[in-house]
There are 2 protein chains.
Amino acid sequence: MAGSRPTIGDVARAAGVSKGTVSLAYSGKRPVAEETRRRVFAAAESLRWTASSSAQALATSRTSTIGLVIARRPEIIATDTFFPRFIAGCEAVLARAGMGLMLNVVASEEDETAAYERYAAGRVDGVILLDVQQGDRRPKLVRELGLTSVMLSAEAPRDDSPTDVPVVYTEDAAAIGELVDLLVEDGHTSIAHVSGPLRYVHAAARHNAFIAAMTSHELPADRLVEGDFTAASGRDATAGLLDASDRPTAIVYANDVMAIAGLSFARSTGLRVPEDLSVTGFDDSELSAHLSPGLTSVSTGADVRGAVAADTLLAALRGEADASVLVDGTVVVRRGSIAPPPRP
Amino acid sequence: MAGSRPTIGDVARAAGVSKGTVSLAYSGKRPVAEETRRRVFAAAESLRWTASSSAQALATSRTSTIGLVIARRPEIIATDTFFPRFIAGCEAVLARAGMGLMLNVVASEEDETAAYERYAAGRVDGVILLDVQQGDRRPKLVRELGLTSVMLSAEAPRDDSPTDVPVVYTEDAAAIGELVDLLVEDGHTSIAHVSGPLRYVHAAARHNAFIAAMTSHELPADRLVEGDFTAASGRDATAGLLDASDRPTAIVYANDVMAIAGLSFARSTGLRVPEDLSVTGFDDSELSAHLSPGLTSVSTGADVRGAVAADTLLAALRGEADASVLVDGTVVVRRGSIAPPPRP
DNA sequence: AGAACGGAGCAAACCGGTTTGACTGCTCTC
DNA sequence: GAGAGCAGTCAAACCGGTTTGCTCCGTTCT
């Protein structure tokens, strides 16, 4: 019983052929007689044999695994609904391709480097880079380590982008523009923005898009607060904004968690939402639809992005097209959290 | 100069020793002269050599990786804040031990079985079983596949537990009891419970604890609704409870997301929280502290549980103690969402 | 009829580590 | 001074697959 798993040699013996033939019967890299193939498969099945992936990895130098390093503080990982959805999307694609996903959550830059080095030591074939920053060091790092990679971004890659890493991106700017348009149409002129950490490309993209949208309406974009995507920072930023003598009548938050915390804080000071203050979020978590009022947000299809990122990485691993790809899934979802501003 | 990574043979040559000596210098399984060891390390460093984990895995039949299969619908994964925190906790321990974490998100039972079979084919050494159900088939499955495992639970393992899998558990019952005590002390007598899917051991544990607590106060435990942990189910369950002619004055939810959705729904019908209705959650997500009113909840230390689960699994892999371990980190956090019931 | 060709399969080398039996000096004992 | 014991090292076997050079055989072409 149990003990050790059968090896390809056991299967070969049972089928009366050589190891090489068993391997070829499965890979099809050379013709194998139909009848032989059947004998091999039958033998494998009765022995319940599956190829050892360690041995396969050693022989082919491909691990059938891709890696994902998440470098964020635990509080943020805990509340941000992006990661789980993104990972679920990846998985759907990877599982179909027989690939595995290796995950690492790191706290420091050294840990991050160490994680990529372990990856390169024959643990994964490629990686997906999340939370890209301006002048991110990782594309260079992973290339030097010999890992294929794909980056996620919130804007089209610039022509002068220094790397040849394929980019999977959304166009967050357009969605932010739409949100601002909605608010301006409702009559708002004093609109604030609470961004994520601006070192992130995605946070900066939304931040810049907000400024551009306000400017295009000839409104001042001077109420800008940098948050960090946590509920706590959403509350603090909101407190600061509402404290001013001429408080804004609407706040555009860079994610839902900050928006919900901000909304709650505003209410606790006696303001009504949306009558006295309109708020919008970003990323449309499931909870947002079930609040009262519902939170106006931007659905970005995190799972789709995960799937596309995985697909793109698999293609890159096959040596195919390195082109960047736009994931066009951002949809503004209007709910009860916005309304015309109060009369002065 | 990319090309191929150096091998142990290159290091051996550079240091003027044999492959075996290099290996022994690193593993220390046999004595190696101090001076030789230094030469080997120096050579390895200058060649930037790291052992190939595929080769290591093949030679030792240990992969230095553990696996985690998450079998939940994407909506739930997206909102539940438990997984990310749990994983971050695991990772902290695993990284320190040089182990990797392989993650799989599956949609069906076949996919789940397939995932464990891939694991067993030399991808991971052991697995952590989450969301254990009554009569769960996985302990048996993974044992047959030759994988070491650890289970997470919300109650002490019964004596007659059919398996010898170590269990890492919290005692959710005590926390639920405390919540009920708080509400009863405030004068509530009509308290409802919205549970998670009762096939899960953790959901059932909280559900049963609720009934026991109510009974011990000689109150009827007859307002029980089974939800599924999503915001949508929290709202629906709440709608059903509040629709009754004698609506409850307090609702104990099995997680925060359902509680927040329920709270929002109640408000949208004109009820005030906590004046007209008290609500409590479970798992204490970061957001809960920043709502207004803050959500009374139970902090369960998901990250600590992750760390302990990882530690326990590593111990099991070393062949050490299979004992079950209690993670004593549940703390009831009282916030503004509960208050005495309205006078009739 | 002989050459050329391609399908089928075997045996052996290889991937990059780990493990172990055997050998060499050396020191320590009696 | 012979034997025991041990630190230190090497060479070779091994882990379980994949890949390739070569042989064997039957068919087709000229």
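Sequence lines set the chain letters: A, B, ... in the order given, protein chains first and strands last, and positions in each chain run from 1. Nothing here was measured: the structure is a model prediction, and the numbers come from that model. Note that these values count all heavy atoms, side chains included, but never hydrogens, waters or copies made by symmetry.
Electrostatic pairing of B/Glu34 and B/Arg37 counts as a salt bridge here, judged by a charged N lying under 4.0 Å from a carboxylate O. Salt bridge annotation for B/Asp303-B/Arg85: absent, with no cationic side-chain nitrogen under 4.0 angstrom from a carboxylate oxygen.
Looking at residues two or more places apart in sequence or on another chain, you find a side chain to side chain donor-acceptor pair (under 3.5 Å) between A/Thr113 and A/Arg137. Considering only residues two or more places apart in sequence or on other chains, A/Tyr169 meets the ring pair (Phe, Tyr, Trp, His ring centres under 6.0 Å) condition with none of them. Residues passing the ring pair (Phe, Tyr, Trp, His ring centres under 6.0 Å) test with A/Tyr116 are A/Tyr119, sequence neighbours excluded. Residues satisfying the salt bridge (charged side-chain N to carboxylate O under 4.0 Å, His left out) criterion with A/Glu320, sequence neighbours excluded, are A/Arg318. Listed by chain and number, the residues in a side chain to side chain donor-acceptor pair (under 3.5 Å) with B/Arg305 are B/Thr300 (sequence neighbours excluded). Under the rule for a ring pair (Phe, Tyr, Trp, His ring centres under 6.0 Å), the partners of B/Phe41 that lie at least two apart in sequence or sit in another chain are B/Tyr26. The ring pair (Phe, Tyr, Trp, His ring centres under 6.0 Å) search around A/Phe82 returns A/Phe86, not counting sequence neighbours. Evaluation of the side chain to side chain donor-acceptor pair (under 3.5 Å) rule for A/Thr36 yields no partner, not counting sequence neighbours.
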Base versus backbone protein contacts along nucleotides 14-22 of chain C [heavy-atom cut-off under 4.0 Å; B, S, -]: -BBBBBBBB

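Bending across the helix from C/dA1-D/dT30 to C/dC30-D/dG1, expressed as the angle between its end axes from five pairs apiece, amounts to 50° (10° rounding).
Contacts between residues 10-18 of chain B and DNA chain C, counted as heavy-atom distances below 4.0 Å, involve no residue at all. If you check residues 32-44 of chain B against DNA chain D, the residues with a heavy atom closer than 4.0 Å are B/Val32, B/Ala33, B/Thr36, listed by number.
No side-chain N or O of B/Arg118 forms a donor-acceptor pair with one of A/Thr50 less than 3.5 Å apart. For B/Thr148 and B/Arg143, the side-chain atoms include no donor-acceptor pair closer than 3.5 Å.
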